[in-house]
Amino acid sequence: MQSTTDITTVWSQVLDIVRDELNTPSFKTWFEHTAPVEITDEGVFVIGVQNDFARAWLEDRYSQRLSAALKQVTGVDLRISIVVDRDVVTPEEQPVELGSGAFDVSVPPVALKEPRDTPRTDLNPKYTFDLFVVGESNSFARNASLAVAEQPGLKYNPLFLWGGPGLGKTHLLQAIAHYVTENFPHKKVVFVTSEQFTDDFVNSLRAKKIDSFKQKYRTADVLLIDDIQFLESKEGIQEQFFNTFNELQRRGKAIVLASDRPPKDIDMEERYQSRFAMGLSADIQPPNFETRLAILRQFAESQHIPVQEDVLTYVAEIASPNIREMEGAMIRVGAFMELSNRPVADLPMVRDVVKDIFPERSTRPISVATIQREVERLFGVNHSDLIGSKRSQAIVYPRQVAMYLSRDLTDLSLPKIGVEFGGRDHTTVMHAQAKIQKLMSEQREVYNQIQQLTNTIKQKS
Ligand code: ADP
Ligand code: MG
């Protein structure tokens, strides 16, 4: 029964039965714009309809009737799944076949292309796993997202992604959507921001179509909601959200949420907060220099902006952690080149073009003194010890952290940094740098600690 012809025939017979049972207007309204999509290996008969509303309506009112008719035709129990498939064309749009008689029941009522061969318009085509640059700051969140995409509902449910603006949360949510859509074409993937979720709810209330709201969300196999923090202080919608959440969770469907802060900092009732934390929360940290550089390089290539390597290094160095801003700077460089007919971006020009995008950092370099002060404050060591000769672990570790940060956040050479730390040799600084780098890649706490310090230092300088 897997060939298209077969399911088309089955479906036209099912429709014949249903047509007999219904009055003509109802039949025309709800069944004319439907088409069989496939019978899955799990024995699900998938029916395509043109829009969400039709899907909700059919599911609500006609699914039993359809199941019964399907059993009558095929002789077996098949489950029914109704999906929105914009390729379903109406009978009017279908070319009339010459020679097909008026009583020829084998002519299918509708024609259908392969399922899902049109891209989804609600997703950015660039937000895929392939185009997501992986670095220390985001690999945890990225790997968790990929695991969910590979086994929706089975892994980390819910997955809660959080991090500051422009760090890639939306990109990862949509990467999951792309992946599932491509690899499990008949799983229903719903991606919305929490504002869209709220609007949908309010509109469905207004139009008295709360059922279609429920159908849209509660029949999802994968529900992705972005910027969940905007549900704060909207109690009515929170309740709707949690009903949906519970229903999906109960049925083992995948839920992925993104927010600009961790679950515990979202201002909602405790019982709601605890749901968020039930699965896995994964944070995305600001990218380090290497990752910023890799993202920029990929971005410049994808936008066909020819740049010299030193330009990329420069922008990656002065950029804020917000990747959206960094990409904005590159877009401006590209526009400037186009307008001034320059074949390639060179450093003096780029400095000039981006200087007002990242003003603080390009004009106010970070000093070793600031770094030392913040490290001393965090670890509770005094300055003379930090730059002195004591070798106890309580001093050595903060000292190495401060050296690492001096290397990461200033333009100073190794010997110059050595001088700032009580006249140490440049190999000592090098060793400290390597040591902290290694610890950061092995221990998440170290990584987070360094990131936090970096942020504080940047704010203080
Ligand atoms: P958020 O939702 O966290 O505010 P976005 O997901 O919208 O951030 O990301 C902002 C921009 O940065 C997008 O254009 C996105 O493609 C890009 N971006 C973020 N992280 C990465 C990454 N790791 N690799 C490539 N591009 C990235
Ligand atoms: Mg976002």
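Nothing fancy with the numbering, it's 1 onward along the sequence. We count ligands from 1, going down the list as the structure has it; atoms in each ligand are counted the same way. Here the structure is a predicted model, which is why all the values come from computation and not from measurement.
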Geometric N/O contact Leu167 with ligand 1, under 3.5 angstrom: yes
Atom indices of ligand 1 within 4.0 angstrom of Pro165 heavy atoms, with elements: 4 (O)
Neighbour count above 12 (heavy atom, 6.0 Å) for Asn382 CG: yes
Taking atom 7 (O) of ligand 1 as the reference point, the nearest protein heavy atom with its distance: Arg324 NH2, 3.0 Å
Within 6.0 Å of CZ in Arg251, more than 12 heavy atoms from elsewhere: yes
Evaluation steps, side-chain hydrogen bond (donor to acceptor under 3.5 Å, both in side chains), between Gln196 and Thr193: CA-CA 5 Å; Gln196 280 169 285; Thr193 63; 3.2 Å; yes
Option set Met326, Glu327, Gln298, criterion heavy-atom distance to atom 14 (O) of ligand 1, minimum: Glu327
Per-atom contacts, ligand 1 versus Lys169 - under 4.0 Å to a heavy atom: 1 (P), 2 (O), 3 (O), 4 (O), 6 (O), 8 (O)
4.5 Å side-chain heavy-atom contact, Asn288 and Asp408: no
Ligand 1 versus Leu131: contacting region, heavy-atom distance under 4.0 Å: backbone
Over 12 non-hydrogen atoms of neighbours within 6.0 angstrom of CD in Glu338: no
Structural part of Ile295 in contact with ligand 1, heavy atom criterion under 4.0 angstrom: side chain
Atom 24 (N) of ligand 1: nearest protein contact (heavy atom, Å): Val133 N, 2.8 Å
Those atoms of ligand 1 less than 4.0 Å from some heavy atom in Ile323: 12 (O), 17 (C), 18 (N), 19 (C), 20 (N), 21 (C)
Enumerated ligand 1 atoms positioned under 4.0 Å from heavy atoms of Asn138: 23 (N)
Side chain, backbone, both or neither: Tyr127 near ligand 1, heavy atoms under 4.0 Å: side chain
Distance flag, aromatic centroids of Phe129 and Phe132, threshold under 6.0 Å: no
Residue and atom name of the nearest protein heavy atom (relative to atom 8 (O) of ligand 1), distance in Å to one decimal: Gly168 N, 3.1 Å
Partner of Met330 by side-chain contact (heavy atoms from CB on, under 4.5 Å), out of Ile295, Val350, Leu312: Leu312
Derivation of the salt bridge (Lys or Arg N to Asp or Glu O under 4.0 Å) call for Glu309 and Arg297: CA-CA 9 Å; Glu309 190 62 25; Arg297 185 172 292 126; 2.3 Å; yes
Nearest non-hydrogen protein atom, atom 27 (C) of ligand 1: His171 ND1, 3.9 Å
Flag if over 12 foreign heavy atoms under 6.0 Å of CD, Glu232: yes
Protein contact of atom 2 (O) of ligand 1 - nearest heavy atom, named by residue and atom, plus distance: Thr170 OG1, 2.7 Å
Parallel, tilted or perpendicular: rings of Phe276 and Phe160 (30°, 60°): tilted
Phe132-ligand 1 polar pair, N/O distance under 3.5 Å: no
Test item, Gly166 contacting ligand 1 (heavy atom, 4.0 angstrom): yes
